[in-house]
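Structure, as structure tokens:
When a ligand or atom number is given, it counts from 1 through the structure's own listing order.
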Amino acid sequence: MRYHLTTYGCQMNEADSSLMQALLAAAGWEPSVSLDSADLVVLNTCAVREKPENKVYSKLGELRAWKAAARGRLIAITGCMAQGEAAEIIRRAPQVDVVLGTRCFQHIVSAAQRALAGEHPVVLTDLNEDPSPLRCGTAMGRAKTALTAFVPIILGCSNWCSYCIVPSVRGPEKSRPVHEIGREVEDLVSRGTREVTLLGQNVLAYGRDLSDRPDLPYLLTHLASTDGLWRIRFTTCHPRDVSGRLIEVMSGEPKICEHIHLPIQAGADKLLREMNRGYTTDDYLHAVDALRAGVRGIAITTDIMVGFPGETEHDFEASLKLYERVRFDAAFTFAYSPRPGTKATSRDDQVPRKVCLERLQRLIALQNRITLERNRGSVGTVAEVLVQGPAERGEGLLAGRSRNNKLVVLPGERRLAGSLLTVRLTEAHLWGFRGLPVAG
Ligand code: SAH
Ligand code: SF4
Ligand code: F3S
């Protein structure tokens, strides 16, 4: 039996997909690159904005013909849409056989078996389940070894930002015990992983719900003692929770990379308050100053949203001024998208779509200029690059990431994949750098 899996959305979904792949492999399922030779199609979905949701519904439309073309073909929907709108999916796409929520996807194999036996549809969306312990089980040992791996450390989110669907589809915060994460990282390293990225909607909330109350700085120190592990990253950090302890551990522990993803969302206090973000622009600037003062060479990236309900031209311009002041290394930029069941959806001061998109263009232009200026400022310096493999484009070129998480493309032989190189940055681009390995 063969499966074809597509992952939408964030790194958390990628981590979940890797567990599903391992469980399917352990049960004898083979991955298939083409739909034609697949018996099971899995769409691991995202609900954070309307666009990725629409993509999934149009994909489901295409899959109707695929399913009708041969007997026994199965369609499974997992992830955040599956959690949030199982009933709607089945109503709009009755060809769907399996719907598994964000804490039930670990049942992919048994659900497929039940569907093959004639049950239709199989729907599991209990948020009280927990797939995490399986991540360090025997199944993962069969997964393809990767140089870099995502490790979820805290599931869900309890912040309830007023625009965001994540808390309702991912459930409340639930931290994994330190020993379980440690075991998973050791497993990964024993199979060749050299860099881990610890994942959570807010990794700085890690441990608050555990009885022994470990925190992220403690976990980082603990994991840093793993022999054979070269680099540790973590994402995402809520600006409200940046602490002196975090800065201390980041500056003192050489395995922790100098990069923090610190979503600002908006640059006007009125908007931050209405978003329920729990910090002011001043708080944010203080966190940035402390990070830059305490962690040498740290890169700061962010998420920014434009067009939140009630955002005036004045608010938007104030935000641009603040971003100009912070000078982020890079930003993911989004136009606000109303999400069912969130507080902001029911507001009657929605910003017209056209205005949102126009502001988005202005924001992107500003950020592109800043990213390029910052990158140009690093030309001539050297960076430690973990070489991941051949570059997407260009004969004889390799690609890797600097400790700052910047993409670096350099000439070199394929056998260098998996090694740490010292690279002089020779050319700056929006996407990263071209560089040359430094001899010796
Ligand atoms: N937990 C992370 C964010 C996860 S969602 C954090 O708190 O930063 C990733 C990004 O999607 C968010 O940072 C936000 O910028 C964006 N986003 C979330 N809900 C959105 C919505 N309704 N419309 C547009 N963008 C949204
Ligand atoms: Fe959404 Fe806010 Fe939670 Fe991030 S912190 S996932 S933006 S509710
Ligand atoms: Fe999307 Fe769910 Fe991630 S909504 S952004 S896949 S947590």
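The one candidate from Asp283, Asn159, Thr280 that meets the side chain to side chain donor-acceptor pair (under 3.5 Å) condition with Arg240 is Asn159.
For His238 and Tyr279, the ring centers sit closer than 6.0 Å to each other.
For the pair Arg92 and Tyr57, the cation-pi test (distance below 6.0 Å, angle within 45°) is passed.
Scanning for side chain to side chain donor-acceptor pair (under 3.5 Å) contacts around Thr236 gives an empty result, with sequence neighbours left out.
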- Show your working on salt bridge (Lys or Arg N to Asp or Glu O under 4.0 Å) between Glu317 and Arg362 and close with a plain yes or no. CA-CA 10 Å; Glu317 280 170 15; Arg362 284 158 70 196; 3.6 Å; yes
- Hey, mind stepping through Glu195 and Arg401 against salt bridge (Lys or Arg N to Asp or Glu O under 4.0 Å) and telling me if it holds? CA-CA 11 Å; Glu195 175 183 302; Arg401 297 252 162 205; over 6 Å; no
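Of the protein's non-hydrogen atoms, Tyr163 OH, 3.3 Å is the one closest to atom 7 (S) of ligand 2.
Checking Asn202 against Asp241 by side-chain atom types alone, a donor-acceptor pair falls below 3.5 Å.
Between Arg359 and Glu311 there is a salt bridge, since a side-chain N of the basic residue sits under 4.0 Å from a carboxylate O of the acidic one. The pair Glu373-Arg369 meets the salt-bridge criterion, since a charged nitrogen lies less than 4.0 angstrom from a carboxylate oxygen. Ion pairing between Arg176 and Glu184 holds under the 4.0 Å rule for side-chain N and carboxylate O. At a threshold of 4.0 Å, the pair Asp130-Lys174 counts as salt-bridged, since one of the basic side-chain nitrogens sits closer than that to a carboxylate oxygen.
Protein residues are said to neighbour a ligand when one of their heavy atoms lies under 4.0 Å from it; for ligand 3 these are Cys10, Asn13, Cys46, Ala47, Val48, Cys80, Arg170, Gln201. Contact residues for ligand 1 (protein heavy atom closer than 4.0 angstrom to any ligand atom): Val48, Arg49, Tyr163, Gln201, Thr236, Pro263, Gln265, Arg277, Asp303, Met305, Phe334, Ala335, Tyr336, Ser337, Arg339.
Counting only protein atoms, the N, O or S atoms lying less than 2.8 Å from atom 2 (Fe) of ligand 2 are Cys161 SG, ordered by chain and residue number.
Taking a 6.0 Å sphere around CZ of Arg183, one finds it holds 12 or fewer heavy atoms contributed by other residues, nucleotides or ligands. Within 6.0 Å of atom NZ in Lys55, 12 or fewer heavy atoms from other residues, nucleotides or ligands are found, so the atom counts as exposed in its surroundings.
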